[in-house]
Amino acid sequence: GQLGGGGGGGLNALGVVSDSGGGMVNNSSLQLLQQYQQQQQQLQQFQQQTNLNQIQQQQQQQQQVNTNQLNPMAVLSGQQQQRGSFYDESPSTNINYDDMMSRSTKRTATTNTTTTSSIVSTHLPLLNPQNPSGTLLRQYFELSTNNVLNLPPIPTNEEYCAMIIAHQQGMYNTIANNLTPENLPWYDRSALNAARFSQLALGALSNDQVGLALELSNACVMCLKNCVEEPSHKACLSAVARAYLLHGILRSLRGDFVRYFKYRRVCMAQISMLTDGDQQEDATVDALLAAISFHDAWAYMMYNAVEDELPDIDNVLPRVNCNHKGCGNGGNGASSTGGGLGCGLQVVTDPMNQMWIQGEPRIFLKNEARVVDRSLDAISCAVRSCCDQANKDYAQMSQSSGGGGGEGVSEMTTPTSLAVLASENELCSRNMVLSAQAMINQNNARQLVTKPGLIMMITAMDAFLENSDQDVTGGGGGGAEEGGFSETQIRNLLSACEMAIKHPLLLHSPGPVYHMMSNAAVLLCHLLNGLHAKCSLRDSSTDSNSNGGGGNNSNNMESELFDNTLDTFMSIRKLLNMHRQNLPVRLRCHAIPRPNIGPSKKTDPETPFIDLGETLMCSCRGCQGFVLMGCSPCVAAERSLRSAKVQAIELEDDDEFKREIDDLGDFNLDDDALFSILTRVANN
C-alpha cells in the first residue's frame, strides 16, 4: 500500500510529511524507512545475544556452586571458621582463606546485585582513586580531620590482597595467591568501602556540603550492615573499627551524641578483637584509641564531666567484656602500668572507659606508640584535667555568690583527677603539654612535611597553661607583661591564631579544636583591652607632660603590638563566626563581640575596647572561665546564667537544625536497623 495520502501531502509510517501529489514516496522518506528497519533488526539480534549470555552465565554459576559444595575443604573450613560472640574474649587469629574464597565465589552472582543499595551504587565512583571529586573530598579529610587524628591510610584493594598474601606465607598459600581485588570476599570489600565512605563524609562536611556528607555516611552504614551479617576475620577488622569511629564522629559533629556513644561502643568492641600482640595491628589500635580519647575529651567538655547526664546505651549495646585477664584497674584511674603488650585491650575493657576514656593517658605512657598518637593522648588528658579544675572553680564560684548549684562538685573526684594526683609531676596539664611539644618537635625535625594540627593545639594549650598549675581558666595572669600576659603567652596566642587563619579547615576537626581557638580569641580580647587601657592612660599623661626619649620607643612598641594583635583578632573572629553559624546551637562556642571602633561606637577611657560582658558564652564551664577572667563571683554567676537562658531560647528556635533532623528520617532508620542487627549479634 501507499505510505502517503491520496490527493495531497500526508503522513507516512515514520510520521514524516509527504508532499508528493500522486502518493509516491520521496527519497528521504524511503531512506528513513530503511534505517528504521535496520535498527529493528539490530535490536532483535542484541536481545537474543543478551538472553543467550545470561543463560550461559547462570549455567556457569550453578556449576561453580556445585563444585564448591562438593569440595570437602570448603565444607570443613566453613565448619571451623565460625566467629564467636560479638565480644569474644579470644577471637580466632588465623584467617581461613578457603572459606573466604568459597564465600566469594558463591556470593558473586547474588550479593553484588541484591545487597548493594542504591545510595552505595550512586556514590561508589567516588571511591575510585582517579575520580576527581572523590580525590577532592579525600584531601578535605586530610586537611581537616586527619590533620589532627593522623590515622594510618586505608589500604587499596591491591595492597590489601598483597598484605593477606604476605601474612599467609606457608599456610593456605595456594588459596591466598589466588586472592585478587576482583574476587575479594563481600565482607572485605564492604569493610574497606565503609571506611572510605566515612572519610569522604567527613571531607564533605568540612567543605560545608552537609547533604552530601549525610548521604556518604548513609552509604557507610549500608556497607557496615554487610559486615555485620557475614562472619568476620581479623584481616579487615581495623577498617570496620575505623568506619564505626569516623561515622560516629560525623554524627556527633551534627549534634547527635547518642549515636556517637553507640558507634564508639561498637568500635571499642572491634578493637578488643584486634589486640593480640601483632606489631602492625598494635600501631593501628594505638592510633584509633588516641583518636577516641581526643574526641572523648570534647564530649567530656560538652557534658561538663557529669556522667549522670550521659545517655544510657547499655540496653542497646552491652558493655565490652570487662572480665578479660588483661582488664584494667576497675576504674580507680591510677594503675601502675601504662604501656606494653595488651595496653589497647586494657583500655577498651576498663569499666571506666565504656562511655568516655578517663584516667591516666595509657597511649601517652606507651613508649612503643607513635609520637603523634602519644601527643594526641597527652593533649586529651590535659583537656580532661582542665575540665575537672573548671568544675571545681565553678562550684566555688556558685557557693561564694550564694546562688547554689555547686554543692558537692568541688569534692567530686574523677578517674582523671585521681590519676593526676597519683603522678602529679608527670601528669599535670602543664607537663603533659610540654612533653607533647618536645615529642612533636623531635618528630618534625626528621620530616620534610609536617601537619600543623597538633602544633596549633599544643601552642594554644601552652599559652593557656602558662603561670597556672592545672587550670586553663586563669588565662596566665600574674605575668610581668601587658594585661597580665607574659611575652611567651602573647607569642603563643598570636602564633596559634595565625595557624588557624592559614589553615581554616582545622576548625572542622574532631575534638575540642574549635573551642580551643575560640578561647584563644577571647584571650586576645583580654590582651587588647589591657593594651588599649595602658596606651590610653599613657596618651593622657603625655598630653600634660611630654618628655620624649625612651617613652616614645615604648609607645611605638605597644602601638605596634596592639595593631598586630587587632589584625589577628579581627581575622580569627570572622573565621570563628562563619564556622559558628554552620554549627547546631548546642555545639557553638562563644559569640565574641566586636571592638568598640567605628562611627557608631562611643569610646571613653572607662569603656573596655571589647566589652566581653556582651559575649554569649559557651555552655562548657571550662570555656566560660576564659570569658569570666577577673570577674567577681557574683558577676560571673550572673553572666553564666544569662548566657544559659539565651542559649536555651536559641536552641528552641534552631529551625535549620530541626529541618536537618527531619531530613535525616530515612538515614536514621538505616542507623536504627544497623543497631538492631548489632544488638542481636551481641546478645547471641
Side-chain angles (χ1 to χ4, degrees), residues 86-87 241 244-272 285 288-324 327-335 343-363 376-377 379-388 390-391 409 412-420 510-512 515 586-587 619-622 671 674-675 678-679 682:
F86 190 62
Y87 303 103
Y244 279 118
L245 173 61
L246 295 183
H247 179 63
I249 287 176
L250 184 138
R251 297 308 297 260
S252 68
L253 293 177
R254 301 312 301 164
D256 193 346
F257 277 100
V258 176
R259 280 185 167 81
Y260 165 70
F261 286 118
K262 290 180 180 179
Y263 283 118
R264 175 194 177 278
R265 176 74 60 84
V266 183
C267 174
M268 299 278 273
Q270 299 291 325
I271 292 176
S272 68
V285 168
L288 290 173
L289 289 178
I292 295 173
S293 176
F294 183 67
H295 201 65
D296 284 353
W298 179 50
Y300 199 84
M301 289 174 53
M302 300 308 296
Y303 281 89
N304 290 312
V306 181
E307 292 194 62
D308 293 339
E309 296 184 3
L310 294 176
D312 183 12
I313 64 172
D314 291 345
N315 57 341
V316 178
L317 294 168
R319 299 194 167 208
V320 182
N321 196 326
C322 301
N323 298 322
H324 195 277
C327 182
N329 48 44
N332 59 10
S335 67
C343 172
L345 192 61
Q346 293 179 14
V347 174
V348 299
T349 57
D350 200 319
M352 70 178 178
N353 295 331
Q354 297 302 303
M355 293 303 294
W356 51 35
I357 291 181
Q358 306 179 77
E360 62 183 10
R362 298 185 184 177
I363 303 301
L376 193 63
D377 196 32
I379 296 173
S380 306
C381 181
V383 171
R384 296 195 304 269
S385 181
C386 293
C387 289
D388 293 341
N391 283 334
V409 180
M412 181 182 65
T413 57
T414 64
T416 301
S417 61
L418 291 175
V420 172
H515 290 260
R586 183 186 180 187
L587 306 183
S619 60
C620 173
R621 294 169 186 164
D671 276 31
L674 176 59
F675 287 132
L678 292 171
T679 302

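Because the structure is predicted, anything quoted here is derived from the model rather than measured. FYI, side chains are in, hydrogens and waters are out, and symmetry mates aren't considered; it's all heavy atoms of this structure.
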Short side-chain to backbone donor-acceptor contact, N353 and V348, under 3.5 Å: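 No, because the side chain of N353 does not come within donor-acceptor range (under 3.5 Å) of the backbone of V348.
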Check for a donor-acceptor pair, side chain of T416 on one end and backbone N or O of G359 on the other, with a separation under 3.5 Å.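 Side chain of T416 to backbone of G359: a pair is present.
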Between D377 and S293, a side-chain donor and acceptor under 3.5 Å: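 Looking only at side-chain atoms, S293 and D377 do form a donor-acceptor pair, the distance falling under 3.5 Å.
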Donor-acceptor side-chain pairing of D388 and S417 below 3.5 angstrom: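 Distance-only check fails for D388 and S417.
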Just how far is it from atom [atom1] of [X] to atom [atom2] of [Y], taken to the nearest 0.5 Å?
| X | Y | atom1 | atom2 | result |
| --- | --- | --- | --- | --- |
| T349 | R319 | OG1 | CZ | 12.5 Å |
| R384 | Y300 | CZ | OH | 7.0 Å |
| Y263 | L674 | OH | CG | 5.0 Å |
| N391 | C386 | CG | SG | 11.5 Å |
| M355 | E307 | CE | CD | 8.5 Å |
| N304 | C620 | CG | SG | 5.5 Å |

For the residue pair [X] and [Y], what are the closest heavy atoms and their distance?
| X | Y | answer |
| --- | --- | --- |
| I292 | C267 | CD1-SG, 3.9 Å |
| G622 | A390 | CA-CB, 3.6 Å |
| Y303 | E309 | CE2-O, 3.4 Å |
| V320 | A269 | CG2-N, 4.0 Å |

Check side-chain hydrogen bond (donor to acceptor under 3.5 Å, both in side chains) between S619 and all other residues, then give those that pass, not counting sequence neighbours.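 For S619 there are no side-chain hydrogen bond (donor to acceptor under 3.5 Å, both in side chains) partners, ignoring immediate neighbours.
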Please determine if R362 and D350 form a salt bridge, counting it only when a charged side-chain N lies under 4.0 Å from a carboxylate O.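 Judged by the 4.0 Å cut-off on N to carboxylate O distance, R362 and D350 do form a salt bridge.
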State plainly whether the residues K262 and D671 are in salt-bridge range, i.e. N to O under 4.0 Å.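 No salt bridge links K262 with D671.
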Assert yes or no for the condition that the ring centre distance of Y260 to Y244 is strictly below 6.0 Å.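 Ring-ring flag for Y260/Y244: false, centres at least 6.0 Å apart.
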W356/F257 aromatic ring centres below 6.0 Å: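 W356 vs F257: aromatic centres not under 6.0 Å.
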Hey, mind stepping through L288 and L245 against side-chain contact (heavy atoms from CB on, under 4.5 Å) and telling me if it holds? CA-CA 8 Å; L288 290 173; L245 173 61; 4.2 Å; yes
